[in-house]
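What follows is a short report on a single structure.
So that the names make sense, note that chain A is the first sequence line, chain B the second, and so on, each numbered from 1. Just so it is clear, the values below take in all heavy atoms, side chains as well, and ignore hydrogens, waters and symmetry mates.
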2 protein chains.
Amino acid sequence: MNKSDIAAQLGFELHTTARLLKRNFDRRAKTHGLTRARWQVLWILNRNEGMKQAELAERMDVAPITLTRQIDLLEAEGLVERRQDPQDRRCFRIYLTAAAAPVLEILQGLAAETRSQALSGITAEEQQQLMNLLGRVHQNLSREEVVSD
Amino acid sequence: MNKSDIAAQLGFELHTTARLLKRNFDRRAKTHGLTRARWQVLWILNRNEGMKQAELAERMDVAPITLTRQIDLLEAEGLVERRQDPQDRRCFRIYLTAAAAPVLEILQGLAAETRSQALSGITAEEQQQLMNLLGRVHQNLSREEVVSD
DNA sequence: CGAAATTAGTAAGCATGCTTACAATAAGCT
DNA sequence: AGCTTATTGTAAGCATGCTTACTAATTTCG
């Protein structure tokens with residue numbers, strides 16, 4: 001396998017692994033009516049309450065509309081609430097409700113299970129390495145424009 | 001940030017990075033009417049013509065129905081064809097058509113662009129490391145059953 | 001001040017993954 | 001042979017991401 005084949009494989013490997021991780025977690029969380037994507041929203045809000053939707057979307061590197069729907073669903077489930085920003089009537093600030101706390105507890109437990117399966121045999125140092133490498137790829141791809149070269 | 005937070009971050013980072021890679025490639029490929037997922041099918045077939053759908057799905061670690069739809073689309077675009085297996089009337093074997101070759105050319109070019117952006121500043125050795133770590137996580141998650149501990 | 005540009009959130013429609021359920025065929029067992 | 005089980009492909013319906021286009025509110029600037 002030549003050098004550019006390895007790199008191409010890398011792309012597919014990244015995808016497959018991400019998908020399997022999501023699937024694993026979602027299977028566990030299904031009975032609780034939650035999914036990985038919604039969990040991420042709760043997780044971020046948990047340490048940054050009162051973020052604007054736009055900020056949250058930026059933080060997650062998702063399109064605003066993608067987040068809109070997650071918030072809709074989480075709000076319908078009574079886990080978060082939108083509050084009008086008094087300074088800027090265009091935007092909402094998102095807060096966790098009291099009902100979110102126990103759910104966060106449960107999700108953290110499920111996440112720990114998935115994690116322990118996924119990272120079995122991978123040392124803390126290697127995890128750091130992986131995090132570092134993914135972070136650099138993420139950075140490289142975060143530039144909005146498509147760079148043709 | 002404690003140890004389990006790092007691991008949780010790792011999960012999100014994996015997802016975000018995979019998503020950004022897909023988005024980057026898809027933006028480039030859009031004008032050609034193809035996407036990363038379909039490209040993967042062509043890529044695998046290119047070196048394993050005549051696979052059964054079930055084998056292909058297994059290889060990609062996707063649900064059979066997911067692949068069915070990709071094959072439907074690729075067949076509609078005239079890039080692959082289903083041929084009845086003479087030994088087993090239940091299954092098809094998938095072959096690339098002549099039209100697929102130039103498309104593969106183009107896609108490989110686009111993939112090279114995405115790759116060079118994504119892997120900028122990452123050495124060949126680090127790429128190997130990343131591949132290795134992802135492969136191990138992938139392995140850990142490939143077991144079908146949800147392991148609760 | 002008032003027109004133009006920007007920003008926040010949403011809607012519609014497509015792509016790709018999943019789960020669950022089903023029909024047709026093959027294989028295995030008594 | 002005949003019944004049971006497994007395998008192959010498909011269908012329906014949901015979840016999450018994207019792009020493009022829109023409305024409402026704010027900011028910028030002549």
Exercise. Determine, for nucleotides 2-12 of chain C in 5'-to-3' order, which nucleotides have protein heavy atoms under 4.0 Å from the base (write B), from only the sugar-phosphate (write S), or from neither (write -).
Key: -----BSSBBB
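Across the protein-nucleic acid pair, B:Asp26 atom CG and D:dG17 atom C1' stand 10 Å apart, rounded to whole Å. In this structure, CZ of A:Arg38 is placed 13 Å from P of D:dC14, rounded to the nearest angstrom. Rounded to whole angstrom, the span from the CZ atom of A:Arg89 across to the C1' atom of D:dT23 amounts to 14 Å. The nearest whole Å value for the distance from the CZ atom in A:Phe25 to the P atom in D:dA15 is 16 Å. In this structure, B:Arg19 places its CZ atom 10 Å from P of D:dT19, rounding to the nearest Å. In this structure, the CG atom of A:Asn24 is 15 Å from the C1' atom of C:dT19, given to the nearest Å. Rounding to whole angstrom units, CZ of residue A:Arg28 and P of C:dT19 are separated by 13 Å. Protein atom CE of B:Met51 is 12 Å distant from nucleotide atom P of D:dT8, rounded to whole Å.
Residue whose closest nucleotide on DNA chain D sits further toward the 5' end, between A:Gln87 and A:Ala37: A:Ala37.
Considering only side-chain N and O atoms, B:Thr66 lies under 4.0 angstrom from the phosphate OP1 or OP2 of C:dC18. One finds a side-chain N or O of B:Lys30 lying less than 4.0 angstrom from the OP1 or OP2 phosphate oxygen of D:dT20. Listed pair A:Arg36 / D:dA15 fails the phosphate criterion, with no side-chain N or O lying under 4.0 Å from OP1 or OP2. Here A:Arg27 does not reach the OP1 or OP2 of C:dC18: none of its side-chain N or O atoms lies under 4.0 Å away.
Between the A:Arg19 side chain and the B:Asp61 main chain, a donor and an acceptor come within less than 3.5 Å of each other.
Among residues two or more places apart in sequence or in another chain, the side-chain contact (heavy atoms from CB on, under 4.5 Å) test is passed with B:Leu56 by B:Val41, B:Ile44, B:Leu45, B:Met51, B:Met60, B:Leu67, B:Ile71. Under the rule for a side-chain hydrogen bond (donor to acceptor under 3.5 Å, both in side chains), the partners of A:Glu81 that lie at least two apart in sequence or sit in another chain are A:Arg83. Under the rule for a side-chain hydrogen bond (donor to acceptor under 3.5 Å, both in side chains), the partners of B:Arg93 that lie at least two apart in sequence or sit in another chain are B:Asp85. For B:Glu75, the side-chain hydrogen bond (donor to acceptor under 3.5 Å, both in side chains) partners are B:Arg82, not counting sequence neighbours.
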Exercise. With side chain to side chain donor-acceptor pair (under 3.5 Å) as the test, would you mind laying out the steps for B:Gln127 and B:Arg115 before giving the verdict?
Key: CA-CA 11 Å; B:Gln127 291 175 30; B:Arg115 193 183 302 155; over 6 Å; no
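Sorted pairs that involve residues 96-105 of chain B and meet salt bridge (Lys or Arg N to Asp or Glu O under 4.0 Å), not counting sequence neighbours, are lacking altogether.
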